[in-house]
Amino acid sequence: MADIKVKQSKKGTIKTLNKNVIKVQKIKDNLVSAKEKTKETYEKDYNSGTDYATNRITRAMTNTPNNVYKANKIGQNNFRKTQENLHKAKENIRKIKNKSKIKQRAKNISKLRKNTMKTAKTTIKTADRTAKTVKETTKATAKSSKKAIQTARQTAKATVHAIKVTVKATITAIKAIIAGTKALISAIIAGGWVAVIIIIVICLIALLCSSFLGIFFSSEETSSNGKNMSSVISEINNEFISKITNIQINTAHDEYDINSNRAEWKDILAIYAVKVSNGQDETDVITLSEEKIQILKTVFWDMNNISSSTEKVTKQITTTDDKGNNKTEDKEQTILHITITSKSVEEMIQMYNFNENQKRQIAELLNEKYAKMWSGVIYGSSVGNSDIVEVARQQIGNIGGQPYWSWYGFSSRVEWCACFVSWCANECGYIQAGIIPKFAGCQAEGVSWFKTCGLWKDGGYTPKTGDIIFFDWADSNDGQADHVGIVERVENNKVYTIEGNTRGDMCKQNEYGINSSVILGYGTPAYQ
């Protein structure tokens, strides 16, 4: 029997032999062997020729009935068994194939699972690396932006403080925004409060700037002509001062006083904003066109009027001669009285025939909660000036006040602190320009002028270089200015000044605590 050749299995492939397959193979081998023997017998007997044929026929004829029956029976049995064996062999082969498929499927699933696990592990490692990178980046970013965050906090704090009263006025709008953006609250919890504050502030400013409340932001550089509210207020103040100065120049007088009841700038601006809005809440009052500037000027002069008169009086005048002797005598002098009168808000409402919406807007704008915001709009023009300080420094050490009081027009020494300030201002051209008045009396002329022009700040204000400082000495403490000087600088909560007619009848430098009780207030010249 021929050797059974077994094919070498490939690595990773499993072949399984079934006993039925072996049986089938044996049957095939037996059939081949029988065929070969029959062939050999046939070839051998064929040589005998007739003898072989005669013998076969004789035997067949002798036993014909039995042999035929037996042969037929044996053939049928063998055929049936052969069929059964073939059927079983096919079934076994099918089962083997099925088992092979199942094992292959299991193997494929196992392989797929391994690949999946490997992919998952790779993904996890990648995610870990990404998370680590993000963590390191976040840590580095947080570290590098620490100062920026601190600055943002300070900026946000200052911004929130600046718009605090505005936020209160629009609290309903803020609640609506927060209610519709719960994600912002999550951002706050997650540490994104700075961005949230910025978003809210931007939304608020956008909302306010497009309403009549935009007047509070009108000192920002928003107009195409380069003008803002502070610069226009300064321009109108200069026109106002020029009219007073012209009266002083063109009217002969020895002394003057100012009796002022000028309308406050917040009232003027409130009337202007409402006049521009015409009662519409959504309107642009933040920008300043030439047409709007003219409306503001019209409102200002409709509310304020300047008049003047002179009066002859006899006064006792005390002078000091070169030897230090005092001399008192009666002299006739001309007093110039300058009077500023104004209309009230109620009178302007009637004059302009405001509607109910405009009246409501006026009431809102003049609410006390906006006081600090009005201050920012009105006094934004005071930037300080070092020129007058440089002139004053050159005078340090002067004793007796000459040439200041003689320049002013006095024939002999007087209390010369105000004359000194006026002389320094004149040297810079500020009197002619109407930036600082020529005054010899601290209260009636100096304080009154700055208050009349809307350029006054009470004590407690942090002054700028070049501001004019007025004092109310403790021995009088009557709310009236007794002395005046020039602010040199402010450092470490101290105000450094240059003053004339101070200790020892000299021009010298002094210093005071910024909240000193002797500081009555400041004139803040519009140096721009």
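Quick caveat: nothing in here was measured; it's all calculated off a predicted structure. Below, all heavy atoms of this structure are taken into account, side chains as well, without hydrogens, waters or symmetry copies. We number each residue from 1, following the sequence as shown.
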Check: Do Ile340 and Asn261 have side chains that get closer than 4.5 Å, going by heavy atoms?
Finding: no

Next item on the list: May I ask you to check if Lys438 and Trp449 form a cation-pi contact, with NZ or CZ under 6.0 angstrom from the six-membered ring centre and within 45° of the axis?
Entry: no

Margin query: Restricting to non-hydrogen atoms, name the atom on Ala263 and the atom on Ile268 that form the minimum distance, rounded to 0.1 Å.
Written below: O-CD1, 3.8 Å

Next item on the list: Measure across Gly500 and Phe420 and return the closest heavy-atom pair with its distance rounded to 0.1 Å.
Entry: N-CD2, 3.6 Å

Next item on the list: Please round to the nearest 0.5 Å and tell me the distance separating atom SG of Cys428 and atom CD of Glu390.
Entry: 9.5 Å

Check: Does the separation of the ring centres of Phe471 and Tyr512 fall below 6.0 angstrom?
Finding: yes

Margin query: Do Ile388 and Ile486 have side chains that approach each other closer than 4.5 Å (heavy atoms only, starting at C-beta)?
Written below: yes

Notebook entry, point to check: Using 4.0 Å as the upper bound for N to carboxylate O, is an ion pair formed by Lys292 and Asp284?
Noted result: yes

Check: Which pair of non-hydrogen atoms, one from Ser342 and one from Asn304, has the smallest distance, and what is that distance?
Finding: CB-OD1, 3.7 Å

Check: Centroid-to-centroid, Trp456 to Phe470, below 6.0 Å?
Finding: yes

Check: Less than 4.5 Å apart, any side-chain heavy atom of Ile249 and any of Thr245?
Finding: yes

Next item on the list: Verify, without hydrogens or angle tests, whether Glu255 (side chain) and Ile335 (backbone) share a donor-acceptor contact under 3.5 angstrom.
Entry: no

Note to self: Tell me whether Asp472 contacts the main-chain N or O of Gly479 through its side chain, where contact means a donor paired with an acceptor under 3.5 Å.
What the structure shows: yes

Note to self: Assess the residue pair Phe439 and Ile258 against the criterion (side chain to side chain contact (heavy atoms under 4.5 Å, CB included)); give the C-alpha distance rounded to whole Å, side-chain angles, the decisive distance to 0.1 Å, and a yes or no.
What the structure shows: CA-CA 11 Å; Phe439 65 104; Ile258 299 177; over 6 Å; no

Checklist line | side chain to side chain contact (heavy atoms under 4.5 Å, CB included) assessment of Val299 paired with Lys297 | finding: CA-CA 5 Å; Val299 172; Lys297 289 183 177 181; over 6 Å; no

Note to self: Given 3.5 Å as the limit, does a donor-acceptor pair link the side chain of Asn492 with the main chain of Lys494, or not?
What the structure shows: no

Notebook entry, point to check: At what distance, to the nearest 0.5 angstrom, does CD1 of Ile233 lie from CG of Leu269?
Noted result: 4.5 Å

Notebook entry, point to check: Checking side chain to side chain contact (heavy atoms under 4.5 Å, CB included) for the pair Met229/Tyr272: CA distance, chi angles, key distance, verdict?
Noted result: CA-CA 12 Å; Met229 188 58 74; Tyr272 156 78; 3.9 Å; yes

Margin query: Both conditions, 6.0 Å and 45 degrees, for the charged tip of Arg413 above the ring of Tyr404: are they met here?
Written below: no

Check: For Glu488, does its backbone N or O pair with a side-chain atom of Thr465 as donor and acceptor, under 3.5 Å?
Finding: yes

Margin query: Restricting to non-hydrogen atoms, name the atom on Pro463 and the atom on Ile514 that form the minimum distance, rounded to 0.1 Å.
Written below: CD-CD1, 4.3 Å

Note to self: Could you check whether any side-chain N or O of Ser406 sits under 3.5 Å from a backbone N or O of Pro403, counting only pairs where one atom can act as donor and the other as acceptor?
What the structure shows: yes

Checklist line | Approximate separation, where rounding is to 0.5 Å, of Ile362 CD1 and Asp267 CG | finding: 8.5 Å

Next item on the list: List the steps, then state whether side chain to side chain contact (heavy atoms under 4.5 Å, CB included) holds for Cys419 with Trp407.
Entry: CA-CA 8 Å; Cys419 294; Trp407 163 83; 5.6 Å; no

Checklist line | Within 45° cone of Tyr352 ring axis and under 6.0 Å: Lys275 NZ or CZ | finding: yes

Item checked: Side-chain donor-acceptor pair present, Asn510, Thr502, cut-off under 3.5 Å -> yes

Notebook entry, point to check: Does some side-chain heavy atom of Ile498 sit less than 4.5 Å from a side-chain heavy atom of Cys507?
Noted result: yes

Check: So do Ile349 and Met351 actually touch side chain to side chain, heavy atoms under 4.5 Å?
Finding: no

Next item on the list: Taking the side chain as every heavy atom from C-beta outward, state whether Ile306 and Thr339 have any pair of such atoms under 4.5 Å apart.
Entry: no

Checklist line | Interatomic distance, Ser448 atom OG to Tyr256 atom OH [nearest 0.5 angstrom] | finding: 8.5 Å

Next item on the list: Report yes if some heavy atom in the side chain of Thr283 is under 4.5 Å from a heavy atom in the side chain of Asn278; otherwise report no.
Entry: no

Check: Between the side chains of Tyr461 and Asp467, does any donor sit under 3.5 Å from an acceptor?
Finding: yes

Check: Are Lys369 and Glu364 close enough for a salt bridge, meaning some N to O gap below 4.0 Å?
Finding: yes

Next item on the list: Spell out, as yes or no, whether a donor-acceptor pair under 3.5 Å connects the side chain of Gln443 to the backbone of Ala481.
Entry: yes

Next item on the list: Kindly give the heavy-atom pair with the smallest separation between Cys424 and Ala392, and that separation in Å.
Entry: SG-CA, 3.9 Å

Item checked: Interatomic spacing from SG in Cys453 to CZ in Phe240 - rounded to 0.5 Å -> 5.5 Å

Notebook entry, point to check: Taking the side chain as C-beta and beyond, is there a heavy-atom pair between Thr334 and Val313 under 4.5 Å?
Noted result: no

Check: Atom CD1 in Ile468, atom CG in Leu455: separation rounded to 0.5 Å?
Finding: 11.0 Å

Margin query: Looking at Glu291, I'd like to know if its CD atom is crowded, meaning that more than 12 non-hydrogen atoms belonging to other residues, nucleotides or ligands lie closer than 6.0 Å.
Written below: no

Next item on the list: Quick one: closest heavy-atom pair of Asp302 and Lys343, and the distance?
Entry: O-NZ, 3.3 Å

Next item on the list: Classify the side-chain pair Ser277/Gln361 by whether it contains a donor and acceptor separated by less than 3.5 Å.
Entry: yes

Next item on the list: Can you run down the side-chain hydrogen bond (donor to acceptor under 3.5 Å, both in side chains) pairs that involve residues 414-436, sequence neighbours left out, and say none if there aren't any?
Entry: Asn385-Tyr430, Glu415-Asn501, Trp416-Asn501, Trp416-Asp505

Next item on the list: Indicate whether the side chain of His483 and that of Glu499 have a donor and an acceptor atom separated by less than 3.5 Å.
Entry: yes

Note to self: If we ignore hydrogens and angles and just use 3.5 Å, is the side chain of Glu445 paired with the main-chain N or O of Gly441 as donor and acceptor?
What the structure shows: yes

Item checked: Short side-chain to backbone donor-acceptor contact, Arg262 and Thr452, under 3.5 Å -> yes

